[in-house]
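Proteins get letters first, then strands, A, B, ... in listed order; numbering begins at 1 in each. When reading the values below, keep in mind they use all heavy atoms of this one structure, side chains included, and skip hydrogens, waters and symmetry mates.
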Amino acid sequence: MAAAKKVFGAAEASDLVNELRRSFDDGVTRGYDWRITQLKKLLVICDNHEHEIVEALRDDLGKPELESSVFEVALLRNSCKLALKQLKNWMAPDKAKTSLTTFPASAEIVSEPLGVVLVISAWNYPFLLSIDPVIGAISAGNAVVLKPSELAPASSALLAKLLEQYLDPSAVRVVEGNVNETTLLLDQKWDKIFYTGSSKIGRVIMTAAAKHLTPVVLELGGKSPVVVDSNTDLKVTVRRIIAGKWGCNNGQACVSPDYILTTKEFAPKLIDAMKHELETFYGKKPMDSKDMSRIVNSNHFDRLSKLLEEKEVSDKIVYGGDKDRENLKIAPTILLDVPLDSLIMSEEIFGPLLPIITLNNLEESFDVIHSRPKPLAAYLFTHNQKLKERFAMTVSAGGIVVNDIAVHLALHTLPFGGVGESGMGAYHGKFSFDAFSHKKAVLYRSLFGDAPVRYPPYSRGKLRLLKALVDSNIFNIFKVLLGLS
Amino acid sequence: MEAMKETVEESLREMRDTFASGRTRSLKWRKRQITAIYEMVKDNEDKLCSVLFQDLGKHSTEAFRDELGHVLRSATVAINCLDKWAVPKQSNLPLLFFPAKGKVISEPYGTVLVLSSWNFPISLSLDPLIGAIAAGNTVLLKSSELSPNASAFLAKTIPAYLDNKAIKVIEGGPDVATILLQHQWDKIFFTGSPKIGRIIMAAAAQHLTPVTLELGGKCPTIVDYPTISKNIKSVVKRITGGKWGSCSGQACISVDYVLIEKSFASSLIDMLKPTIRSFFGENPKESGCLSRIVSKQHVQRLSRLLNDPRVRASIVYGGSIDEENLYVEPTILLDPPLDSEIMNEEIFGPILPIITVRDIQDSIGIIKSKAKPLAIYAFTNDENLKTRILSETSSGSVTFNDVMIQYMCDALPFGGVGESGIGRYHGKYSFDCFSHEKAIMEGSLAMDLEARYPPWNSFKLSFIRLAFSEAYFKLLLLMLGLKRSK
């Protein structure tokens, strides 16, 4: 049953924010009980509506049931459960260590909600990337507006329906729409904006946020490189790369292995192993396999086609290359040694194409990675301990994963976020709670103990005293200032 | 300007090359640089006090207490703690991922820009510099043109003490800042007004550069007279010191205005007056203990705030202005209208409005009606009021029963929220401010689970479902064939 689409104009945007602000000011979202109730409802959505979520993802992306169940619903379920379990801890103030400089005093850091926040989500993991940040926003005690991506319309509609049905509408709302609605939302004053998407739009978001001095978290993307050393377990390496690339929304993920760097010597072995495992996973006719998402829409299909059709690139295909525009399918495709300045090596691929770049020696991979914008993830497969250490220390990326692909985003104890072009800020686990909190410093001082040396008039004597104290011990000066000696 | 553009580009190139060389990653190098900052301040104390006196009329004691001493301490803490700060943080991973390991390392952003301010031109330059260096970055500092002597000192002396392929100083005003902002930086740290903060952030957005903005606001001071009357002398001294004793009210955490119940206002004023006189004598202009206003423009700005006839009518102490000598007398106002300009913009000067309320609880409503300030001060022993202030207002920080002193506590983050800023620093927070927290996960190639890989079937789905919910026992049953796959 389709309801008539409500008009969402400037007035509606403004009213929405005002209404949520009133709820926030009234204290609706501050209490522990309210937050727990909302989180429990989100858990119920995961438990009772998994089937509809899987269907919506199949409609929008052709996503296989396992990917939907695991990479969206299960991750969300875990995220809710963690927040429910830890919220009391997270909400408790942190006692700050006071030193001699502030004694007698006690100090603590109190987490307080920022207020009314905006979460703008993406199309590739529409449930995960909508609800996970919302879990963070609610745990931290904010009112929140979610704007899901219009490029996954079934998911957007389902999100709007479920959140409206289960959550407190006075403080949690969904606005569906496209760039028009997003622009109207961005004109409003928010206390935080959390955006997942492209670097190009990330700039637009941050520019809009600057007008109101709104802090942002930008979860963007980049070309996540995979360095493969010959000194590795080839079969495991290849299976993990394949599962991490084509098994995660068919390469349409922000931490997808974008391209491979390996030695000229090792490349043939690597390619053979990949071909073999790809066939094991997806059969002789991968276009018929039900275990891969399709390309999201014809725009992206055409974009990816163009990458393949470029001169000097099209002749480098060593596996795959088949396309079916009607069904929005592109076969798992491997390319060998495309030019480093080709389009496919210049923009984030976000699709089932995997270039392999060969080098004379693995050392050169550091230069290749370093000469490009910082990615969201960088991967290395090797047994070589020294190489692992060097990689971790010198490659700058949002996160580094050695000997696996993408799993780090399932780990709530690691901050998940980018650097440079791949973004700013981080979330997951407690980092989500922190991302949506203001950490307020609180100092409790006593009215006793006041040193004349703190106040004018500044006699020569006072200054002499101060200086003598500094020469003896830097900490004594503060004891004096605070009237302790 | 072309010459300036070239200078900037050349500096950037050199700093980037230095960073790429890896020199700044060494903890030894960082500690050496920070030690050099310490030595620079110690060796040049007299000169520093002299430039601060020239720029702002700061007394050397004030200069030492607020700026030099602060930098010395900041450097000492960084040198002593850097090894600890730089240690990677181990993360516990769920059993499912055994034997994988996880940790977070702090890595420098790269080449960062520090834009300083004129009111504490030494500490607001050197303190962020210490943080940037501690985190292993190369850094360009632009000091404020409104404090020209301090700026010149830094431009001349920093290269003599520090590694000048990694740490550079540039002098100049808005035109230099504009050129700097056209380039890509890995982080920008700005101290100044919210108006300029917006411009900085918008410029940073073009390059997706993360920012820390230390801005300002109207820091209110609640005086809950009845509960602190026993210590009223201390309270008054602290407020007087906090308003006029630090750069004559030109500080981001200055006491901006006071809130007090109507019946106690005159008692407070009657105590403030003699306290001001005891601090600054009968003629504060001649006392040498009161800083000057930084420029004629700012004197004119403050003058304009007082020119509103309703505000002028509320003057109960002081009010005189000597533009030539950049002097504004310590001034107290009683109940200027809440809609006057002086009650709607950050005063940043030696004028103290006292706003009376019927009930001290009403001060919370007034504070909430304004933008979130950098600090809220409250003199009270009423636990209820303290709780209400903490839970119903929002500010960078809250200090009970004192003013300004939170600045010295480096266990506390120093930064704003909303209009008063983004990000924080001091102590380890400075190190974090200039670091990217990079997650590192290492999996094992040895243990591989078939269930991870396509082709998918119901067994694999059940396996993964159970694994994710960490239902290890059920998982074991499934693997042993004792549990049906769904």
Quiz item: Tell me, do B:R452 and A:D404 make a side-chain contact under 4.5 Å, heavy atoms counted?
Solution: yes
Quiz item: How far apart are the closest heavy atoms of A:M393 and B:I105, and which atoms are they?
Solution: SD-CD1, 3.8 Å
Exercise. To the nearest 0.5 Å, tell me how far A:H212 NE2 sits from B:R198 CZ.
Key: 8.0 Å
Quiz prompt | Residue pair A:A96 / B:L412: nearest heavy atoms and the distance that separates them | solution = CB-CD2, 3.8 Å
Self-check item: Beyond-backbone contact of B:F379 with A:L447, side-chain heavy atoms, under 4.5 angstrom
Solution: yes
Self-check item: Ion pair B:E450/A:R239, N-O distance below 4.0 Å
Solution: yes
Quiz prompt | Which atoms of A:F416 approach chain B - backbone, side chain, both or neither, heavy atom under 4.5 Å | solution = neither
Self-check item: Contacting region of A:E421 [heavy-atom separation from chain B under 4.5 Å]
Solution: both
Practice problem: Under 4.5 Å heavy-atom distance to chain B, tell me which part of A:A208 shows up: side chain, backbone, both or neither. | Solution: neither
Quiz item: When heavy-atom pairs shorter than 4.5 Å are enumerated against chain A, which of B:G423, B:G245, B:P413, B:G197 gives the highest number?
Solution: B:P413
Quiz item: What part of B:L445 is in contact with chain A, defined as an atom under 4.5 angstrom from a non-hydrogen atom: side chain, backbone, both or neither?
Solution: both
Quiz prompt | A:K440 side chain reached by B:V417 side chain, heavy atoms, under 4.5 Å | solution = no
Self-check item: Contact check, side chains of B:H436 and A:K374, non-hydrogen atoms, under 4.5 Å
Solution: no
Quiz item: Between B:K460 and A:D291, does at least one N-O distance fall below 4.0 Å, as a salt bridge requires?
Solution: no
Quiz item: Taking side chain as C-beta onward, heavy atoms only, is B:M441 less than 4.5 Å from A:N403?
Solution: no
Quiz item: What part of A:I205 gets closer than 4.5 Å to chain B, counting heavy atoms only: side chain, backbone, both or neither?
Solution: neither
Quiz item: Atom CE in B:M201, atom CG in A:L213: separation rounded to 0.5 Å?
Solution: 7.0 Å
Self-check item: Choice from A:G398, A:G247, A:A74, A:G420 maximising heavy atom contacts with chain B below 4.5 Å
Solution: A:G398
Quiz item: By a 4.5 Å heavy-atom criterion (distance strictly below it), what part of A:K211 contacts chain B: side chain, backbone, both, or neither?
Solution: backbone
Quiz prompt | Side chain / backbone / both / neither for A:L411 at chain B, heavy atoms under 4.5 Å | solution = side chain
Quiz item: Do B:D448 and A:R240 come within less than 4.5 Å of each other through their side chains, counting heavy atoms only?
Solution: yes
Quiz item: Got a donor-acceptor contact below 3.5 angstrom from the A:T413 side chain to the B:N92 backbone?
Solution: yes
Exercise. Check whether any side-chain heavy atom of A:Y458 lies under 4.5 Å from a side-chain heavy atom of B:R65, and answer yes or no.
Key: yes
Quiz item: Do A:P456 and B:H59 have side-chain heavy atoms sitting under 4.5 Å apart?
Solution: no
Quiz item: Measuring heavy-atom distances to chain B, does A:V110 have an atom under 4.5 Å in its side chain, in its backbone, in both, or in neither?
Solution: neither
Quiz item: Can you say whether A:T214 sits under 4.5 Å from chain B via the side chain, the backbone, both, or neither, judging by heavy atoms?
Solution: backbone
Practice problem: Could you look at A:K290 and say if it's the side chain, the backbone, both or neither that has a heavy atom under 4.5 Å from chain B? | Solution: neither
